[in-house]
Each structure stands twice: as C-alpha cells, then as structure tokens.
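Structure first, then comments.
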Amino acid sequence: QVQLVESGGGSVQAGGSLRLSCAASGRGYSTFAMGWFRQAPGKERDFVAAVSWNGATTFYADSVKGRFTISRDNAKNTIYLQMDSLEPEDTAVYFCSARKVPLREWGTVDYHAMDYWGKGTLVTVSS
C-alpha cells in the first residue's frame, strides 16, 4: 500500500509560479512510475505529467509542455510539479498518483489505470 499527500497549492496571478509536492510512503513507492493529474470543476480528471521510477524519463500533456516540470527525489520520498507561466485555465485540484506499471508501458494515459491517489491540492490562477 502506498500513501500520497499533496501540498503546495494556493492562489496566484496569471504568469506566476507554484511548486506542488507529493509526499509518498509505503512499500514499493520508489519503484513506481508517478503522475500528476488535475480536475477542474465540472470536468473530467486530466493527465498533466508523469515521471519514471528513477526520474530519467518524463512526459507531459500538450497543454502544459514547456511550462510545467515534473521531478522526483526518491531519497526524500517526494515528487514535485514545478508550474511556471500559470494561466487561469490551469485552475483545478491537482492530484498525485502512482502506478505499478513502468512508464514505458503506459500507452494512452487514463486516470482509471492509476493504482494509488492522493486527496489533491487546489490551485487557483486569477487573471
């Protein structure tokens, strides 16, 4: 069992930055690929970014590519999402997630395929 706790959300003006953190605990965490998803009010939960177990491989949704950076520090059991050049459209609850399947085997990313979830942290971007 893996437990995930997000932090770092808040309110920021458009063009600003935030860094989200996800503290992980439990057996096997360091061998899992990790992802960030987000859900805006009334919308589906969408993929944002993912990182392989060792941090060597990452990929991003087109909507955040070039603005967001995902990383992990397995020694600290923490995953990060650095968000720059934020836009009002980035407003959502952001969720940290883990999946036992290696990142190279993910194929189409679907939140239903993830194995573990945090409870989320709210990010609000004002214009």
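Heavy atoms only: backbone and side chains are in, while hydrogens, waters and symmetry mates are out.
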Pairwise distance [atom1]([X]) to [atom2]([Y]) - rounded to 0.5 angstrom:
{"X": "Y94", "Y": "L20", "atom1": "OH", "atom2": "CG", "result": "7.5 Å"}
{"X": "F68", "Y": "M83", "atom1": "CZ", "atom2": "CE", "result": "5.5 Å"}
{"X": "S30", "Y": "D73", "atom1": "OG", "atom2": "CG", "result": "11.5 Å"}
{"X": "Q3", "Y": "K119", "atom1": "CD", "atom2": "NZ", "result": "11.0 Å"}
{"X": "E6", "Y": "I79", "atom1": "CD", "atom2": "CD1", "result": "9.5 Å"}
{"X": "I70", "Y": "C22", "atom1": "CD1", "atom2": "SG", "result": "9.0 Å"}

Side-chain ([X]) to main-chain ([Y]) donor-acceptor, under 3.5 angstrom:
{"X": "S97", "Y": "G35", "answer": "yes"}
{"X": "R67", "Y": "S85", "answer": "yes"}
{"X": "R72", "Y": "N54", "answer": "no"}
{"X": "T78", "Y": "K76", "answer": "yes"}
{"X": "D115", "Y": "K100", "answer": "yes"}
{"X": "S52", "Y": "T57", "answer": "yes"}

Between [X] and [Y], which heavy-atom pair has the shortest distance, and what is it?
{"X": "V125", "Y": "Q13", "result": "CG1-C, 4.0 Å"}
{"X": "G9", "Y": "T121", "result": "N-OG1, 3.2 Å"}
{"X": "D110", "Y": "F37", "result": "C-CE2, 4.4 Å"}
{"X": "L81", "Y": "A49", "result": "CD1-CB, 4.2 Å"}
{"X": "S126", "Y": "P88", "result": "C-CG, 4.5 Å"}
{"X": "A40", "Y": "A92", "result": "N-CB, 3.8 Å"}

Using a 4.5 Å cut-off on heavy atoms from C-beta on, say whether the side chain of [Y] contacts that of [X].
{"X": "V2", "Y": "F32", "value": "yes"}
{"X": "Q82", "Y": "S71", "value": "no"}
{"X": "W53", "Y": "L103", "value": "no"}
{"X": "R99", "Y": "M34", "value": "no"}
{"X": "L18", "Y": "L86", "value": "yes"}

Next on the checklist: If you apply the rule ring pair (Phe, Tyr, Trp, His ring centres under 6.0 Å), what do you find for F47 with F59, and how did you get there?
Outcome noted: CA-CA 10 Å; F47 168 74; F59 74 96; 4.9 Å; yes

Item to check | Distance-only donor-acceptor check, side chains R45 and Y111, under 3.5 Å | outcome: no

Item to check | Side-chain donor-acceptor contact under 3.5 Å, N74 with Y29 | outcome: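 Yes, Y29 and N74 have a side-chain donor paired with an acceptor closer than 3.5 Å.
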
Next on the checklist: I want to check a possible cation-pi pair here: R19 against Y80, using under 6.0 Å from ring centre and within 45° of the ring axis as the test.
Outcome noted: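 Yes, a cation-pi geometry holds between R19 and Y80.
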
Checklist entry - In terms of hydrophobic clusters joined by side-chain contacts under 4.5 Å, are W36 and V51 together? => result yes

Checklist entry - Which word best sums up how the rings of F95 and W117 line up, parallel for under 30°, tilted for 30 to 60°, or perpendicular for over 60°? => result perpendicular

